[in-house]
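Since the structure comes first, as structure tokens, the remarks are kept for the end.
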Amino acid sequence: MRAPSIRAVGLLLAGTLAARTQRVMAQPLAQRVAAMRSGTVEMRYAPRPGVCGDGRSYYSIGRSMRIGDGFSYRNDTDHSTCIPGPARARLRLTGGEITDVRVYVGAAGRAEAPDTDLGMVSSREAADFFLRIAETGSGRATHGAISAAVLADSASVWRRLLAIARDSATRTRSTRQEALFWVGRFAAAKSSGDGEDLSAASDDGDRDDPRNAAIFALSQLRNREGVPALLQVAQTHRDPALRRQALFWLGESGDPRGASLFEDILRR
């Protein structure tokens with residue numbers, strides 16, 4: 001029998017590798033991550049409309065910019081470093097446990113290569129995967145997982161976030177507040193007729209307007225003493241812009257008293 005040619009062997013090996021790669025890619029995302037056990041794992045997926053970032057230190061949704069654990073507000077005239085691009089979620093695993101989740105938007109530098117790169121994944125599958133971490137995980141991983149889920153395009157996440165915000169039995173207070181913050185943003189968008197477009201749910205009021213300034217001042221009172229007044233404005237004020245701002249700052253406060261109002265708005 002004639003021995004197979006080098007080219008035939010190469011084609012056979014290439015076909016075997018391709019088939020193996022397809023089998024791995026077909027596995028559920030959670031299974032692919034769990035197989036890594038330890039080290040850093042990164043995946044990329046399509047973000048919501050209106051999301052951009054510098055790939056390293058911040059990402060922006062509309063006029064709001066997240067730097068580290070907090071949000072600030074920026075002037076929209078400079079987009080030079082805020083580039084629309086894939087959302088990049090980086091996970092750290094230790095002994096099979098996800099101990100940290102960080103999310104970025106935009107391309108990464110060459111020096112930031114993870115131990116394992118899962119490439120592009122479905123945004124809806126990514127959202128489900130990260131919500132599961134937020135629902136069952138522990139530590140700071142839950143915070144990053146919530147943000148990673150929220151950024152995923154074409155995924156409605158507010159219902160599960162609301163359940164997390166109300167889960168005082170298994171979720172920490174900070175995790176519940178993080179979930180409620182985003183539910184409040186979804187409610188603010190819905191109240192303005194923008195559906196689940198978070199880029200429309202920002203604090204875009206004129207701070208020189210006494211009414212807007214008053215709403216902001218209520219949100220800054222110590223011990224959340226301004227929450228009852230914010231609830232009243234959000235429910236009864238005739239100006240939809242002021243209602244939206246009150247909803248935004250209620251979400252920012254993380255106060256659980258806003259949960260029922262957010263749910264009522266989102267279920268309409």
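Counting from 1, the numbers follow the sequence of the chain as shown.
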- request: For atom CZ of Arg124, decide whether the heavy atoms of other residues, nucleotides or ligands shown that lie under 6.0 angstrom number more than 12.
  value: no

field: Side-chain heavy atoms of Leu231 within contact of Leu250, under 4.5 Å
entry: yes

task: Could you tell me whether the side chain of Pro228 reaches within less than 4.5 Å of the side chain of Arg257, counting heavy atoms only?
output: yes

- prompt: Is any side-chain N of the basic residue among Arg132 and Asp128 closer than 4.0 Å to the acidic one's carboxylate O?
  reply: yes

- prompt: Is Asp117 salt-bridged to Arg44, cutoff N-O under 4.0 Å?
  reply: yes

- request: Mind checking the CZ-CZ spacing from Arg102 to Arg88? Nearest 0.5 Å is all I need.
  value: 12.5 Å

field: Reported CD1-to-CD1 distance for the pair Ile98 and Ile133, which is rounded to 0.5 angstrom
entry: 3.5 Å

message: Contact between Met43 and Leu29 at the side-chain level, heavy atoms closer than 4.5 Å - yes or no?
response: yes

message: Once rounded to the nearest 0.5 Å, what's the spacing between atom CG of Leu230 and atom CD of Glu252?
response: 11.5 Å

task: Walk me through it: do Thr142 and Thr175 pass the test side-chain hydrogen bond (donor to acceptor under 3.5 Å, both in side chains)?
output: CA-CA 7 Å; Thr142 61; Thr175 297; 2.8 Å; yes

message: What I want to find out is whether Arg90 reaches Asp100 closely enough, with some N-O distance under 4.0 Å, to be called a salt bridge.
response: no

task: Locate the shortest heavy-atom distance separating Leu151 from Val103; write the atom from each residue and the value.
output: CD1-CG2, 3.6 Å

- request: Kindly say whether Arg92 contributes a backbone atom to a donor-acceptor pair with the side chain of Thr99 at under 3.5 angstrom?
  value: yes

- request: Mind running side chain to side chain contact (heavy atoms under 4.5 Å, CB included) on Phe129 and Glu125 for me, showing each step along the way?
  value: CA-CA 6 Å; Phe129 171 72; Glu125 186 180 14; 5.5 Å; no

field: Positive for side-chain contact (heavy atoms from CB on, under 4.5 Å) with Val157, one of Val183, Leu162, Leu131
entry: Leu131

- prompt: Can you tell me if Asp167 uses its side chain to pair, donor with acceptor, with the backbone of Ala169 under 3.5 Å?
  reply: yes

query: Are Asp197 and Arg48 ion-paired here, with the side-chain N under 4.0 Å from a carboxylate O?
result: no

- request: Answer yes or no: is there a side-chain heavy-atom contact under 4.5 Å between Phe186 and Leu161?
  value: yes

message: Please report the interatomic distance CZ(Arg185) to CG(Leu198), rounded to the nearest 0.5 Å.
response: 6.0 Å

message: Quick check: do Leu91 and Thr40 have side-chain heavy atoms less than 4.5 Å from each other?
response: no

message: Check this for me: does any side-chain nitrogen of one of Arg268 and Asp264 sit under 4.0 Å from a carboxylate oxygen of the other?
response: yes

- request: Report yes if some heavy atom in the side chain of Ser219 is under 4.5 Å from a heavy atom in the side chain of Phe248; otherwise report no.
  value: no

query: Roughly how far, to the nearest 0.5 Å, is CG of Asp115 from CZ of Arg37?
result: 15.0 Å

query: With a cut-off of 6.0 Å (strictly less than), are more than 12 heavy atoms of other residues, nucleotides or ligands near CZ of Arg166?
result: yes

field: Flag side-chain contact, heavy atom, 4.5 Å: Trp158 against Trp182
entry: no

query: Would Glu178 and Arg171 pass as an ion pair if we require N to O under 4.0 Å?
result: no

- request: Check whether Tyr104 and Val41 end up in the same hydrophobic cluster, where Ile, Leu, Val, Met, Phe, Trp and Tyr are linked by side-chain heavy atoms less than 4.5 Å apart.
  value: no

- line: Looking only at heavy atoms, the pair that brings Glu42 and Pro114 closest together is CB-CG, 3.6 Å

- prompt: Quick one: are Leu180 and Phe262 in side-chain contact, heavy atoms under 4.5 Å?
  reply: yes

- request: Search all heavy atoms of Arg176 against all heavy atoms of Ile164 and return the closest pair with its distance.
  value: CG-O, 3.5 Å

- request: Could you pull out the closest heavy-atom pair between Leu247 and Ser191, with the gap in Å?
  value: CD1-OG, 3.4 Å

Spatial distance of atom OG (Ser253) from atom CZ (Phe181) [nearest 0.5 Å]: 10.5 Å

message: Show the nearest heavy-atom pair for residues Cys52 and Pro84, with the distance to one decimal.
response: CB-N, 3.7 Å

- request: Fit a plane to each ring of Tyr45 and Phe130, take the angle between them on a 0 to 90° scale, and name the class: parallel (under 30°), tilted (30 to 60°) or perpendicular (over 60°).
  value: tilted

message: Looking at Glu196 and Lys190, is there a salt bridge between them, counting it only when a charged N and a carboxylate O are closer than 4.0 Å?
response: no

- line: Only residue of Leu218, Val233, Ile215 satisfying side-chain contact (heavy atoms from CB on, under 4.5 Å) with Trp249 is Ile215

task: Locate the shortest heavy-atom distance separating Val105 from Ile83; write the atom from each residue and the value.
output: CG1-O, 4.1 Å

Other residues, nucleotides, ligands: >12 heavy atoms within 6.0 Å of Gln235 CD: yes

